[in-house]
Amino acid sequence: MDQMLDVLCSHDKHHKDGDGHSVAAVDHGSIASRPAKNQLHEAGSNGAPSSTLGKEMTAVNVGVDELLANAGYKVRASELQQVAQRLEHLETVLGAAQEAALSHLSTEAVHYNPSDLASWIECMLEELAPNFPVDSLPHLHSFDQSAQVSGCLMDDPQACGRQNQQSHQEDDAHSNIVDYSEEFILDYEETQYGSGFNDHNLNGIFGNICSLEQLGRKREAGMKQGFELNAQGMHQREQKRGKHSITQPCAYSGSSQEAYSQTSDNPVVFSSVYGSNQASLRPMGSCIHQPTLLQDGSDGAQESGVRLVHLLLACAESVQRDDLIAAEELVRDIRVLAAPQKGPMRRVATEFVEALARRIYSFNSQDTIGNQRDSLSELLHFHFYETCPYLKFAHFTANQAILEAFENQKQVHVIDFNLMHGLQWPALIQALALRPEGPPFLRITGIGPPQPGGNDVLQEIGVKLAQLAKSVNVEFDFRGVIAAKLDDVKPWMLQVSQGEAVAVNSIMQLHRLLYSENSATPPPIVEVLQSVKSLNPRIVTIVEHEAIHNSPIFLERFTEALHYYSTMFDSLEACNLPAQSLELMLAETYLGREICNIVACEGAERVERHEPLAQWQMRMCNSGFQPLHLGSNAFKQARMLLTLFSGEGYAVEETGGCLTLGWQSRPLLAASAWRC
Amino acid sequence: MDSSNDEMQLQKAKSVVPLNTWILISNLKLAYNITRRPDGTFNRHLAEFLDRKVGANISPVDGVSTMDVNIDRIAGVWVRIFVPVSSQSDETREEKIPVFLYFHGGSFVHSSANSAIYDAVCRSFAKLCSAVVVSVNFRRSPEHRYPVAYEDGFTVLKWIQLQALTGLGNAWLPSNADLSHCYLIGDSSGANIVHHVGVTAATADLSPVCIRGHILMMPMFGGMKRTPAEIRLDGQYFVTLKDRDYYWQSFLPDGADRDHPACNIFGPYSEDLSNVPLPPSLVMIADLDLLQDWQMEYVQGMRDSGKKIELVVLEHATVGFFIFPNTEHFHRVIDAISSFIRTPI
């Protein structure tokens with residue numbers, strides 16, 4: 001065992017790059033760690049600034065004050081003086097205005113990307129401007145404006161302005177839903193949801209969103225005077241809330257069966273389009289970060305848990321070296337050791353050892369693991385959605401951003417890169433129905449893979465969504481596009497009309513487009529992003545795993561995945577599912593498929609090529625997209641919804657305008673928004 | 001205050017600290033101000049949104065590698081462990097190095113162990129003091145009032161003990177971590193936590209963990225009376241009495257005032273510490289901190305109780321003197337700590 005670990009160790013030295021020199025990287029520890037055992041310096045060379053990504057980020061961040069960067073703020077060294085001046089000015093304005101201004105900034109204003117200090121200060125000043133004297137000092141520009149580099153992790157000054165406008169739209173119910181400190185949330189749950197709330201009832205989820213929206217609007221109306229909050233403000237808030245406590249049923253209620261049983265005379269324009277393609281591919285570079293390993297310190301079975309990790313890594317290392325005999329032996333050992341384990345450790349170990357076994361024995365099947373898009377995988381997806389907050393977070397956050405992007409638009413068109421059960425859209429339809437300016441004409445184009453047996457699942461979902469839209473009086477139109485791969489979908493198939501506002505929504509789809517056969521041909525992602533651009537979307541919402549599971553070096557990929565999914569499995573514990581329940585098993589199977597694909601597959605079969613936010617940001621920027629920051633209201637909503645749907649331990653964080661959902665201190669999913 | 005007075009205040013602070021430090025602390029102050037609503041409630045969502053966080057990184061960055069470990073998953077208590085590695089190879093150093101248990105500041109309410117500023121501070125300490133730093137993510141008020149933060153701190157100590165006793169320590173702590181040389185260290189409210197955890201630890205059986213000293217940087221203490229420094233320095237250098245009062249009010253139990261012994265250590269409800277075997281303390285005070293009179297009372301009270309206190313007063317230093325390595329104060333801090341941990345008892 002020690003020998004093996006020594007081998008691991010020396011292997012690591014070969015890969016490791018050593019210390020990064022201290023540079024003003026935006027974050028020197030983007031993703032976190034693993035057991036700091038001496039012998040366990042795994043291959044996984046650099047999260048340090050000396051990595052490829054680090055170098056690129058450094059180039060982009062040239063000229064920032066290094067110390068402030070370490071503290072999480074991007075401020076150009078040459079602008080320190082001006083930033084200080086503006087900050088002083090802001091303080092003075094706040095000092096003069098006292099409570100009302102503070103209250104406004106705290107309660108009404110929507111904040112964006114606090115890391116870009118210059119722009120944050122300006123936004124705050126603009127928030128206060130209508131009611132307070134306008135200053136004559138020169139305004140700061142957002143971080144990127146003076147840069148010549150094609151920086152991508154920077155704010156777009158126009159975006160800031162636009163976001164600012166948004167926050168001035170007091171009539172927009174969606175941006176400022178509710179503002180309760182944590183102590184209020186418990187209250188809120190009791191009064192609003194009571195016994196009617198059922199986590200396993202689709203309507204329950206969407207019903208609650210409906211309630212939040214309605215409540216937000218009513219509260220909004222009450223808060224129009226904004227600046228009148230005083231010591232009695234709290235009492236007033238409670239009164240208002242009590243008055244409008246949600247007992248109003250949402251537009252549809254009862255089981256999903258009932259709701260969808262009505263016939264619709266809402267014209268549903270539906271067409272299926274089949275695409276064909278020739279994949280063009282090129283290997284992507286990889287960038288190694290180190291994930292967090294949150295081991296449960298209080299678990300009694302810790303010791304064998306640690307051994308399991310060691311064995312798994314040793315096995316992967318053997319596979320890496322092509323020593324399949326040693327690997328096989330280790331697989332046997334691991335299975336034996338894993339069997340009596342309890343808790344997430346056992347399940348993680350089981351998934352990984354089975355994936356390793358598959359790789360070793362090279363099971364070749366037509367059903368490439370984790371790549372199936374059949375009814376079983378849809379079922380698993382549905383259950384995963386029900387049991388854990390990850391997909392809910394993805395949907396809520398994307399919907400919030402789409403809602404904001406669709407403000408004042410009369411014709412809107414959402415293109416969903418993977419419709420599945422259409423779980424994301426009822427909430428958006430409801431929210432659009434409740435807009436103060438009235439609902440727009442909504443079109444949804446759902447893309448999905450061909451189904452075995454030729455069932456047109458897309459149509460079925462489309463019909464249900466149409467029923468819902470009709471019941472809330474939203475003019476609606478659905479189109480399904482059947483395509484085995486996203487690059488098969490050409491822009492003309494989406495039939496975007498002149499004058500409609502387009503939102504492109506991609507929940508964990510883009511990473512499937514990263515494989516290319518050789519360096520001559522670019523991976524499908526390039527073409528897909530160009531196609532997206534050609535649609536001139538108002539917003540592109542992207543949610544991806546916050547992980548590095550695309551290293552060409554097997555051992556690195558394995559190690560990253562082990563840590564990522566350990567954290568994931570650990571987080572399932574907080575979903576309060578009874579041990580060995582069906583729901584838990586299904587959720588684990590869902591994740592197990594991803595693990596299998598990452599570990600056992602290669603080439604075109606390996607579709608789970610997760611890459612971290614920083615890399616997606618770079619890719620989007622290089623493709624000509626600008627970031628649209630997700631603000632404090634989306635952040636707050638996400639946190640509140642987490643409280644409703646899951647237990648302690650989940651963490652939403654804001655990072656450079658994007659939101660991540662994670663378990664404790666490890667982000668696992670990242671949501672970002674973009675425009676052209 | 002009229003605005004010209006305001007500007008003078010701001011100028012004063014600006015003349016004492018480097019510009020980037022001024023920007024950092026002013027920004028933090030501003031952020032804190034807008035999260036404390038005028039009606040007294042706290043906007044936790046906005047506070048977390050504004051807090052800049054950073055992940056752990058096992059790969060050494062500037063000589064330090066970090067990782068996060070759960071202590072109590074349900075409660076949300078975890079630690080970030082900072083390990084200095086040798087610049088020669090990436091192996092941890094051979095010789096035994098002490099362990100710092102770090103409690104971050106934030107007036108019991110703000111920041112976390114993964115806040116960027118505290119990640120940077122702990123990295124500095126790990127590297128420059130050659131210590132393994134265990135930064136505690138304890139629970140905060142107003143959601144969790146006294147004594148939760150103290151209890152969480154002690155829980156972590158017990159956890160470290162358990163790791164050592166069951167031989168599992170090496171999974172999370174490097175093999176050269178010397179648990180028999182453990183120090184409790186903190187800034188502001190974190191330093192307050194250091195004292196209280198230290199008092200509990202002094203009479204508990206923690207072997208093989210042995211706490212050799214307490215290190216308190218700008219400790220947060222207080223009381224009902226207004227001290228001369230509080231009156232003189234109110235609002236002068238980033239900190240106001242109003243905000244201090246607010247944070248005590250949100251930490252202390254309902255109905256308690258600032259003479260509660262958590263806050264006023266040697267006040268009317270003080271505990272007699274003469275028979276509590278507390279180890280020596282290093283106390284660092286900034287002479288532009290409005291809490292300095294309370295801090296001096298603490299030092300005096302500890303000496304009167306027979307405890308060994310090394311006092312360092314930093315002249316022309318404001319709060320936050322330990323954050324950025326761009327002043328002589330910072331280096332003085334490192335020197336003081338380094339020699340304190342090398343002083344035999």
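Proteins come first, then strands; the chains are lettered A, B, ... in the order of their sequence lines, and each starts at number 1.
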Residue pair A:Ser115 / B:Arg52, side-chain donor-acceptor N/O under 3.5 Å:
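Yes, a side-chain donor-acceptor pair sits under 3.5 Å.
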Contact class of B:Asn33 relative to chain A, heavy atoms under 4.5 angstrom:
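Both parts, backbone and side chain.
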Check each atom of B:Ile160 against the heavy atoms of chain A and say whether the ones under 4.5 Å are side chain, backbone, both or neither.
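For B:Ile160, neither part sits under 4.5 Å from chain A.
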Do [X] and [Y] come within less than 4.5 Å of each other through their side chains, counting heavy atoms only?
X: A:Gln664; Y: B:Asp68; result: no
X: B:Leu46; Y: A:Lys636; result: no
X: A:Met124; Y: B:Ile34; result: yes
X: B:Phe324; Y: A:Glu66; result: no
X: A:Val83; Y: B:Leu19; result: no
X: A:Leu94; Y: B:Leu30; result: yes
X: A:Trp120; Y: B:Asn27; result: yes
X: B:His45; Y: A:Met640; result: yes

Nearest 0.5 Å please: distance from the [atom1] atom of [X] over to the [atom2] atom of [Y].
X: B:Asn70; Y: A:Thr567; atom1: CG; atom2: OG1; answer: 9.0 Å
X: A:Leu80; Y: B:Ile23; atom1: CG; atom2: CD1; answer: 4.5 Å
X: B:Asp119; Y: A:Ser665; atom1: CG; atom2: OG; answer: 10.5 Å

Over all heavy atoms of both residues, which pair between [X] and [Y] is shortest? Give the atoms and the distance, please.
X: B:Lys14; Y: A:Gln81; value: NZ-OE1, 3.9 Å
X: B:Asn20; Y: A:Leu68; value: O-CD2, 3.7 Å
X: A:Gly72; Y: B:Ala116; value: N-CB, 3.9 Å

Would you please name every residue forming a salt bridge (Lys or Arg N to Asp or Glu O under 4.0 Å) with B:Asp187, sequence neighbours left out?
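For B:Asp187, no residue satisfies salt bridge (Lys or Arg N to Asp or Glu O under 4.0 Å) once neighbours in sequence are set aside.
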Do NZ/NE/NH1/NH2 and the carboxylate oxygens of A:Glu654 and B:Lys53 come within less than 4.0 Å?
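The answer is no: the pair does not qualify as a salt bridge.
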Please identify each residue that fulfils ring pair (Phe, Tyr, Trp, His ring centres under 6.0 Å) with A:Tyr73, with sequence neighbours left out.
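Not a single residue meets the ring pair (Phe, Tyr, Trp, His ring centres under 6.0 Å) criterion with A:Tyr73.
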So which of B:Ile323, B:Leu50, B:Asn326, B:Asn114 has the largest heavy-atom pair count under 4.5 angstrom toward chain A?
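Maximum pair count with chain A is reached by B:Leu50.
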Hey, can you tell me if A:His111 and B:Phe49 have their rings parallel, tilted or perpendicular (30° and 60° cut-offs)?
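Aromatic pair A:His111/B:Phe49 classed tilted.
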Hey, is the main chain of B:Ala120 close enough, under 3.5 Å, to the side chain of A:Asn70 for a donor-acceptor pair?
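No: the side chain of A:Asn70 does not pair with the backbone of B:Ala120.
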For A:Ile121, is it the side chain, the backbone, both, or neither that has a heavy atom closer than 4.5 Å to a heavy atom of chain B?
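For A:Ile121, neither part sits under 4.5 Å from chain B.
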Taking it one step at a time, do B:Ser26 and A:Glu91 satisfy side chain to side chain contact (heavy atoms under 4.5 Å, CB included)?
CA-CA 9 Å; B:Ser26 297; A:Glu91 280 188 65; 3.7 Å; yes
